[in-house]
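Worksheet: the structure to be examined is printed underneath.
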Amino acid sequence: MNKTEMGSPTSGNYSSGLQNSGSESDERKRKRKESNRESARRSRMRKQKHLDDLTAQVAHLREENSRIVSGITVTTQKYVAIEAENSVLRAQFLELDQRLASLNEIVETAGGFWMEKGQGGGGGGGGGGGGYVSGGGGFYDGVNIGFYNQSLMASVPADVFNYCC
């Protein structure tokens with residue numbers, strides 16, 4: 001039986017056609033509900049997967065953040081240590097620079113004094129007699145000033161060069 005016969009009012013099967021139509025409609029509703037349920041299930045699964053992915057990403061980012069913070073802490077500690085060493089080295093530099101300036105001043109003063117002695121006590125021709133300039137070694141032969149015997153060694157920690165590059 002075709003559809004026109006089933007639903008035509010002239011045929012005697014009109015009421016049975018409505019019943020068939022109702023059962024087909026029910027079947028379509030049932031299939032649609034089933035399809036909707038399946039679609040909703042897939043949607044929930046996608047949402048759950050997305051949530052799981054985001055949770056994993058948060059855990060990864062927290063771990064990475066923790067590593068970065070640790071690295072910053074270590075770098076800061078090294079910076080503070082190097083800055084302290086630099087401060088010590090600057091102070092030592094200033095001390096040595098002042099000592100050098102003092103020594104240069106002494107050498108200039110003493111040099112002028114010894115030069116006068118050497119020029120004034122010579123026995124002719126620029127050398128000889130009681131002059132301290134003559135004597136082969138020059139200026140330092142007759143000079144024994146305590147500063148020259150003093151060591152100018154700076155106390156630098158042995159590991160100061162370990163921080164380079």
Side-chain angles (χ1 to χ4, degrees), residues 3 18-120 126 131-165:
K3 214 173 187 185
L18 288 177
Q19 286 177 343
N20 284 343
S21 176
S23 67
E24 285 178 13
S25 176
D26 290 343
E27 182 66 22
R28 274 186 268 147
K29 285 181 184 178
R30 187 189 62 76
K31 284 184 179 180
R32 179 159 305 223
K33 280 183 181 181
E34 184 64 33
S35 175
N36 287 346
R37 284 186 189 125
E38 184 62 27
S39 176
R41 186 183 68 78
R42 285 192 307 264
S43 177
R44 285 190 301 274
M45 287 175 59
R46 278 193 308 270
K47 284 182 182 180
Q48 185 62 45
K49 184 182 182 313
H50 185 63
L51 181 63
D52 292 345
D53 290 346
L54 289 176
T55 303
Q57 186 178 6
V58 165
H60 173 74
L61 290 174
R62 283 187 176 154
E63 189 176 301
E64 186 178 349
N65 190 36
S66 177
R67 279 194 305 268
I68 290 171
V69 167
S70 295
I72 288 172
T73 301
V74 167
T75 303
T76 301
Q77 289 171 348
K78 286 182 180 180
Y79 171 79
V80 167
I82 289 172
E83 191 63 33
E85 285 186 47
N86 277 345
S87 179
V88 168
L89 291 174
R90 281 188 200 106
Q92 289 174 345
F93 170 78
L94 290 174
E95 178 187 345
L96 291 174
D97 192 46
Q98 289 172 352
R99 287 176 73 182
L100 179 61
S102 296
L103 290 173
N104 283 336
E105 187 178 317
I106 290 170
V107 167
E108 286 177 16
T109 303
F113 171 75
W114 296 117
M115 290 300 240
E116 287 175 10
K117 284 285 201 177
Q119 289 174 355
Y132 290 97
V133 174
S134 62
F139 170 71
Y140 293 106
D141 283 349
V143 177
N144 186 10
I145 299 176
F147 291 108
Y148 294 113
N149 293 334
Q150 188 176 19
S151 172
L152 292 179
M153 181 63 65
S155 59
V156 177
D159 64 343
V160 74
F161 297 107
N162 291 343
Y163 296 107
C164 181
C165 308

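Please read all numbers here as calculations on a predicted model, not as lab measurements.
Atom OG of S87 and atom CD of Q92 lie 10.0 Å apart (nearest 0.5 Å). To the nearest 0.5 Å, atoms CD1 (I68) and CG (L61) are separated by 9.5 Å.
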Item to complete: Would you check, one step at a time, whether the test side chain to side chain contact (heavy atoms under 4.5 Å, CB included) holds for L100 with N104?
Response: CA-CA 6 Å; L100 179 61; N104 283 336; 3.8 Å; yes
Discussion item. If you apply the rule side chain to side chain contact (heavy atoms under 4.5 Å, CB included), what do you find for Q77 with V80, and how did you get there?
Written reply: CA-CA 5 Å; Q77 289 171 348; V80 167; 5.8 Å; no
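E63 pairs by the side chain to side chain donor-acceptor pair (under 3.5 Å) definition with R67, not counting sequence neighbours.
The backbone N or O of Q98 lies less than 3.5 Å from a partner atom in the side chain of S102, making a donor-acceptor pair. At distances below 3.5 Å, not a single donor-acceptor pair connects side-chain atoms of S66 with backbone N or O atoms of R62.
A salt bridge does not link K31 to E24: none of the charged nitrogens lies less than 4.0 Å from a carboxylate oxygen.
Residues E85 and V88 have side chains not in contact (no heavy-atom distance under 4.5 Å, counting atoms from C-beta outward).
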Atom pairs and distances, side-chain donor-acceptor, residues 47-58, under 3.5 Å, sequence neighbours left out:
unit_1: Q48; atom_1: NE2; unit_2: D52; atom_2: OD1; d: 3.0
unit_1: K49; atom_1: NZ; unit_2: D53; atom_2: OD2; d: 3.2
unit_1: T55; atom_1: OG1; unit_2: L51; atom_2: O; d: 2.8

Show which side-chain atoms of residues 32-39 pair as donor or acceptor with protein atoms under 3.5 Å away, not counting sequence neighbours.
unit_1: E38; atom_1: OE1; unit_2: R41; atom_2: NE; d: 3.4
unit_1: E38; atom_1: OE2; unit_2: R41; atom_2: NE; d: 3.4
unit_1: E38; atom_1: OE2; unit_2: R41; atom_2: NH2; d: 2.3

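Atom CD of E83 is surrounded by more than 12 heavy atoms from other residues, nucleotides or ligands within 6.0 Å.
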